[in-house]
Enquirer: 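One structure, as structure tokens, below. Some questions next.
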Protein chains: 2
Amino acid sequence: MAVETLYRSSRDLERLFMDKAEADAYDKMLELAEHLTAVFHKAVPSLKEEQAEELGIYVARHREVFAKAFGKKPEVLADLLDGKTAEEG
Amino acid sequence: MAVETLYRSSRDLERLFMDKAEADAYDKMLELAEHLTAVFHKAVPSLKEEQAEELGIYVARHREVFAKAFGKKPEVLADLLDGKTAEEG
């Protein structure tokens, strides 16, 4: 019998990782999603809680595309529309 | 009588500018807002049109804060929550 080390984010107890770096990246994404959800809710109070959460998670998961879009290349958002961007973790 | 040159974005015929660079920046922000509105709508289909538009404009107007948040400093989003960020454009 061997003991294995597992990792998970305190923000999502369901999801287990064998790799710590992956768990860290996932936790960072969930943290960003939480911040975004709060900001979206403040910006558009008529948003339902789950809409703001869904948006927060979506934007956090595609943060690289949004970072590029807010930098020099707004057109990269078109890739999100044609679903060209891989669904990250 | 003197003739003055004015500028405006084809995306918002109401808003006139004396300075071309300002008009360009405003037009670029509206273009980004349009892209974002389409992406948000695709990400969360239950969003109403005006909610997706309101969000698109809000995020486009604060694009620098979001660019930083998606880079190294997610905590800058907290400034948006305490309303510390000036209302640009």
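Below, read A as the first sequence line, B as the second, and so on, with proteins coming before strands; counting in each chain starts at 1. Any value given below was found using the heavy atoms of this structure, including those in side chains, with hydrogens, waters and symmetry copies removed.
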Enquirer: Between B/Leu16 and B/Leu30, is there a shared hydrophobic cluster once you connect ILVMFWY residues whose side-chain heavy atoms come closer than 4.5 Å?
Expert: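 No: no chain of side-chain contacts under 4.5 Å links B/Leu16 to B/Leu30.
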Enquirer: Within the side chain of B/Gln51, is there an N or O that forms a donor-acceptor pair under 3.5 Å with the backbone of A/Val44?
Expert: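 The answer is no, because no donor-acceptor pair under 3.5 Å joins these two groups.
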Enquirer: Under 6.0 Å from the NZ atom of B/Lys28, do we count more than 12 heavy atoms belonging to anything else shown?
Expert: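 No, because the 6.0 Å sphere around NZ of B/Lys28 holds 12 heavy atoms or fewer from other groups.
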Enquirer: Can you tell me how far CG of B/Leu77 sits from CD of A/Glu34, rounded to the nearest 0.5 angstrom?
Expert: 12.0 Å
Enquirer: Are the side chains of A/Leu55 and B/Leu47 in contact, using a 4.5 Å heavy-atom criterion?
Expert: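 When only atoms from C-beta onward are counted, A/Leu55 and B/Leu47 do touch, with a gap below 4.5 Å.
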Enquirer: With a 4.5 angstrom heavy-atom cut-off, could you sort out which part of B/Leu36 is near chain A: side chain, backbone, both or neither?
Expert: both
Enquirer: About how many Å separate CZ of B/Phe66 and CZ of A/Phe66, when rounded to the nearest 0.5 Å?
Expert: 10.0 Å
